[in-house]
Amino acid sequence: MALAAFRLEPEALRYIPAGFAFRHDVLPYAVDGSELLVAVPDNEPSTVDRIRLLTGMRVRATALPREVIRSELAVAYGSADAKEGIESSAPAVRLVDEIHALAVRSHASDVHVEPFEGGGRVRQRVDGGLSEIRRLDRSLHVQVVARLKILASLDVGDRRQPQDGRYSFDVDGAPIDARLSSVTTVDGERLVIRLFDARLQRPSLDHLGMDSETLRRVRALLSATHGFVIVCGPTGSGKTTTLYAALEERRSPEEHVCTIEDPVEMRLGGVTQVQINVRAGMTFARALRAMLRQDPNVVMIGEMRDAETANVAMSAALSGQLVLTSLHSRDAVRAVERLADLGVPRQAVAASLTGIIAQRLVRTSCQQCAGEGHRECCRGSGFAGRTGIFECVAIGAELREAIASGATGSQLRGVVERDSQGSLARDGLRHVIARRTTTVEVQRVLGEYGAS
């Protein structure tokens, strides 16, 4: 049977983007109420499921030979320009473009597309806080999710497994890189988009918010020929930015600098960057062992997740490499305890660890509306932008002995304080005194730690 027997309705083409149609050899040819009529290749029932997920509609499929559908696709969708025009007119495509534009213009770091019973919503994170920008009905939520997964080259039909992908787009002539992650919840698929503006300069230690003494300590740790330096803090505290700034500090034609990341968040010229792929067997530990055979001077490990990786990293630090990594912990002292929790012997930590940088991000007071009694420029929050508060602990002889002997957290903190190495709370107070932020904001970020 040929499609000539059907009456092709141009309106039907608007429900399936051209890229999807050509990729899966499907042709929508009519709309009957809430039902979409499509021609699909013979013996491919999974394609119908993908169309249902993409459109949020009921689908009535007619099986036709693939070659017949392909011969009609070019006629139905037309040239490349026509295909782009049809795809651009789809409601979900237009909405995704609007979401991208608003996020970039608002300087958002993340966009969350979230399901809930009966529909969905879109929120964006600006200066660490999430705010809702759009409510979606159930059908549109499904279509937006499908559109984003198509952009990131993910499997639209797979809603069981978490997926990760990348794509790029332009807003106002600016190239933006996006990283997409999906996970299925009881209410449906939830997506998070992380945004990276390619125009932004690479991070520098001078612009992270450190005071002169902290900056001196950090640079002393980074200038060493070998050692093991941890950057710690909770999710979203700016650890990766600090690690990249550290790499900028050490990057030179005379040294081999490499990274092992999951994922690679920023491309650095002259730096060897390795992407973790657990499914292919490329774990942090395996990648690190392979990279150590490449004669590196500096190795950055995106995150310390297990004892195996930690032990390999510490051995590298002892054998002559400078190893940088991140770790989830509340402060510098708890980073030592966290390594022990991973199963790393205290003696190994004491022997290899040279420094710990703990950090948080606090919102900075909006300078435009200070004292003017209005808050239009900062969306009513009183804040615009963020800066870091830091604690840099160099591991001296007394602290090294305390770690090896199994000292408690409070005992380790006592050693740090006797050495006058500062604290997150003290550094937060510095920003308050300088009127860069507020006491309430520092307490909000530090929680119980800020009150100690």
Side-chain angles (χ1 to χ4, degrees), residues 96 100 103-104 108-113 124-125 128 145 148-156 158 161-170 174-184 189-203 230-248 251 257-292 294 296 298-306 308-310 312-313 323-328 359 361:
V96 167
H100 283 156
V104 172
S109 59
D110 308 86
V111 176
H112 295 235
V113 181
Q124 62 182 22
R125 188 182 296 279
V145 167
L148 288 167
K149 292 178 74 172
I150 289 171
L151 286 176
S153 299
L154 303 184
D155 187 344
V156 176
D158 187 354
Q161 300 294 328
Q163 297 184 66
D164 294 278
R166 286 179 173 271
Y167 64 98
S168 60
F169 59 93
D170 288 349
I176 306 297
D177 294 326
R179 192 177 84 225
L180 182 71
S181 67
S182 75
V183 65
T184 298
E189 283 190 273
R190 188 184 196 280
L191 306 183
V192 174
I193 312 165
R194 293 205 66 186
L195 302 176
F196 304 92
D197 191 337
R199 300 171 302 173
L200 298 180
Q201 294 182 344
R202 294 188 179 96
I230 294 173
V231 179
C232 67
T235 300
S237 59
K239 300 186 296 296
T240 300
T241 298
T242 299
L243 285 173
Y244 275 116
L247 292 177
E248 281 292 301
R251 191 169 59 129
V257 179
C258 62
T259 73
I260 302 169
E261 304 173 72
D262 183 22
V264 174
E265 295 193 2
M266 182 184 297
R267 302 295 175 87
L268 297 175
V271 174
T272 303
Q273 295 180 273
V274 177
Q275 168 74 51
I276 292 303
N277 187 339
V278 176
R279 291 183 180 179
M282 183 61 77
T283 62
F284 273 104
R286 186 172 183 180
L288 178 56
R289 286 192 176 94
M291 189 52 64
L292 291 176
Q294 297 280 313
V298 181
V299 181
M300 188 270 270
I301 306 168
E303 183 179 347
M304 193 60 60
R305 297 178 180 176
D306 55 79
E308 183 184 10
T309 305
V312 176
V323 180
L324 313 174
T325 191
S326 73
L327 188 69
H328 285 85
Q359 67 179 84
L361 291 176

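Remember, it's a predicted structure, so these values are computed and weren't measured experimentally. The residues of the chain are indexed from 1 along the displayed sequence.
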[X] [atom1] to [Y] [atom2] distance, which is reported to the nearest 0.5 Å:
X	Y	atom1	atom2	answer
Thr242	Leu324	OG1	CG	11.0 Å
Thr283	Leu288	OG1	CG	9.5 Å
Arg190	His112	CZ	NE2	5.5 Å
Glu303	Leu243	CD	CG	10.5 Å
Ile276	Phe284	CD1	CZ	5.0 Å

>> Here's a test for you: under side-chain contact (heavy atoms from CB on, under 4.5 Å), which of Asp177, Val111, Asp110 qualifies with Arg194?
In response: Asp110
> side-chain contact (heavy atoms from CB on, under 4.5 Å) with His100: which of Ile176, Leu151, Asp170?
Replying inline: Leu151
Minimum heavy-atom distance [X]-[Y], with the two atoms named:
X	Y	answer
Leu268	Tyr244	CD1-CD2, 3.5 Å
Ala152	Leu180	CB-CD2, 3.7 Å
Glu265	Phe196	OE1-CE2, 3.8 Å
Glu248	Pro203	CG-O, 3.6 Å
Val312	Arg289	CG2-NH2, 3.5 Å
Ala178	Ile193	CB-CG2, 3.8 Å

Is there a donor-acceptor pair closer than 3.5 Å between any side-chain N or O of [X] and the backbone N or O of [Y]?
X	Y	answer
Lys239	Pro234	yes
Gln163	Asp155	yes
Gln359	Ser237	yes
Thr309	Met304	no
Ser326	Gly302	yes

> How far apart are the C-alpha atoms of Ile150 and Tyr167, what are their side-chain angles, what is the distance that settles it, and do they pass the side chain to side chain contact (heavy atoms under 4.5 Å, CB included) test?
Replying inline: CA-CA 9 Å; Ile150 289 171; Tyr167 64 98; over 6 Å; no
> Does the pair Met282 and Gln275 meet the rule for a side chain to side chain contact (heavy atoms under 4.5 Å, CB included), with working shown?
Replying inline: CA-CA 8 Å; Met282 183 61 77; Gln275 168 74 51; over 6 Å; no
> Just wondering, more than 12 heavy atoms not from Arg286 lying within 6.0 Å of its CZ?
Replying inline: no
> Please walk me through it: do Thr272 and Gln294 pass side-chain hydrogen bond (donor to acceptor under 3.5 Å, both in side chains)?
Replying inline: CA-CA 10 Å; Thr272 303; Gln294 297 280 313; over 6 Å; no
>> For Arg305 and Asp262: C-alpha separation, side-chain torsions, deciding distance, then whether side chain to side chain contact (heavy atoms under 4.5 Å, CB included) applies.
In response: CA-CA 11 Å; Arg305 297 178 180 176; Asp262 183 22; 3.4 Å; yes
> Do Gln273 and Met300 pass the side chain to side chain contact (heavy atoms under 4.5 Å, CB included) test, and can you show the C-alpha distance, the side-chain angles, and the key distance before you say yes or no?
Replying inline: CA-CA 9 Å; Gln273 295 180 273; Met300 188 270 270; over 6 Å; no
